[in-house]
Amino acid sequence: EDHFVKVRQLINDLIAKLEAQAADEATQKTFCDGEMAKTVANRDKHQSAVEESGAKLSSQEAKKAELQEEIAELSKEVAELSKGLQEATQLRREEKAANEKTVADAEAGKVAVGEAITVLKAYYDAALIQQPKADREGKTVADRAPELSYSGDYKGAQGSSKGVIGLLEVILSDFERTITTVTAEEAEAQAAFDKFKTENEKDTETKEKSVETKEAEITVIEDDLVTLADDLKMAEELHEG
């Protein structure tokens, strides 16, 4: 009977020990599972941080590249506007000089023709009113002159005078018309150039301000890129650790 008691005791002790070990193993497993869960959670967290930082970094780099392309295009357009204005200015300067010369020549021609008309009119008018004088015998120079192929008093070729003066008056009118036309064309050309110049300078100013704005944005992005690169490096170190 005493032997059965001892056996039962041994069995009870063994069972208790096994139960204790099982409890310890369960506790250890629970601890390990908890730690594993924490590790996995931290790993996922750090992986998410790496992915997020990488995505932000890529996004900002892409935005910077896009802004740089836009700045390059705007700078090209500003250069083309400047070249266009320079060429237009040179053409306008040459056109203005040519118009001024044309007007000056026409003015000089107008004065010269006007003076010629005045002289011719005075000459023909004087010839028209001039009367021949008689000598003591009552004869004029025409009376004593040899017989000519025409008859009548000399009157300064009045028929021819009308044709010459008429031609000069047409030329005078052409000069006046040239002065009026070229002066009007010059005013119109200058107005068109002034409008073009104003629009060109306004467009240039707008594009240059846009370039300045985009360059300022790039400066901000570059600062962000430094911060994001540091964040990514730290996230990768935590993930690897």
Side-chain angles (χ1 to χ4, degrees), residues 73-212:
E73 182 62 27
L74 285 169
S75 298
K76 179 182 177 181
E77 292 174 0
V78 167
E80 290 174 350
L81 285 170
S82 177
K83 181 181 178 182
L85 180 58
Q86 289 177 359
E87 291 175 349
T89 300
Q90 179 63 27
L91 290 174
R92 177 83 278 274
R93 187 181 296 114
E94 293 173 357
E95 183 181 31
K96 179 179 178 65
N99 286 338
E100 288 177 345
K101 184 178 185 304
T102 298
V103 171
D105 290 344
E107 290 282 5
K110 176 184 174 182
V111 171
V113 171
E115 291 175 349
I117 291 173
T118 299
V119 170
L120 286 174
K121 283 184 175 181
Y123 170 74
Y124 288 125
D125 288 345
L128 180 63
I129 63 175
Q130 184 178 2
Q131 299 294 330
K133 295 181 180 179
D135 58 15
R136 286 179 295 179
E137 297 177 3
K139 295 183 178 182
T140 65
V141 174
D143 294 332
R144 298 183 180 278
E147 190 72 22
L148 297 177
S149 59
Y150 68 90
S151 60
D153 294 333
Y154 175 70
K155 297 183 179 180
Q158 290 298 315
S160 299
S161 72
K162 292 180 180 179
V164 172
I165 292 176
L167 177 61
L168 289 176
E169 287 175 341
V170 170
I171 295 174
L172 180 65
S173 177
D174 287 341
F175 280 133
E176 290 174 342
R177 183 168 55 254
T178 296
I179 293 169
T180 301
T181 300
V182 174
T183 299
E185 289 175 349
E186 169 61 23
E188 183 178 348
Q190 185 62 46
F193 172 76
D194 291 341
K195 181 181 178 181
F196 167 77
K197 183 172 183 288
T198 298
E199 292 176 351
N200 181 290
E201 291 175 342
K202 183 179 180 180
D203 195 12
T204 297
E205 182 181 4
T206 299
K207 292 182 185 300
E208 287 177 340
K209 286 183 178 179
S210 182
V211 168
E212 292 176 359

Please determine, by modelled atom types, if Gln90 and Gln86 share a side-chain donor-acceptor pair under 3.5 angstrom. no

Contacts of Glu201 meeting side-chain contact (heavy atoms from CB on, under 4.5 Å) (sequence neighbours excluded), chain-then-number -> Leu85, Lys197

Note, Asp203 side chain near Glu199 side chain (heavy atom, < 4.5 Å): no

Distance (rounded to the nearest 0.5 Å) between Glu80 CD and Ser75 OG: 11.0 Å

So how far is it from Glu186 CD to Arg92 CZ, rounded to the nearest 0.5 Å? 4.0 Å

Where do Lys110 and Phe175 come nearest, in terms of heavy atoms and distance? N-CD1, 3.6 Å

Where the side chain of Thr206 meets the backbone of Lys202, is there a donor-acceptor pair that is under 3.5 Å apart? yes

Supply the atom-to-atom distance Glu100 CD to Glu107 CD, rounded to the nearest 0.5 angstrom. 12.5 Å

Closest non-hydrogen atom pair between Asn200 and Leu81, with its separation: ND2-O, 3.0 Å

In short, Leu172 meets Gly114 closest at the heavy-atom pair CD1-N, 4.3 Å

Picking from Ile171, Leu167, Ile165, what satisfies side chain to side chain contact (heavy atoms under 4.5 Å, CB included) with Glu169? Ile165

Quick check on Glu94: does its CD atom have over 12 non-hydrogen neighbours (other residues, nucleotides or ligands) under 6.0 Å away? yes

Just checking, any donor-acceptor pair under 3.5 angstrom between side chains of Glu95 and Asn99? no

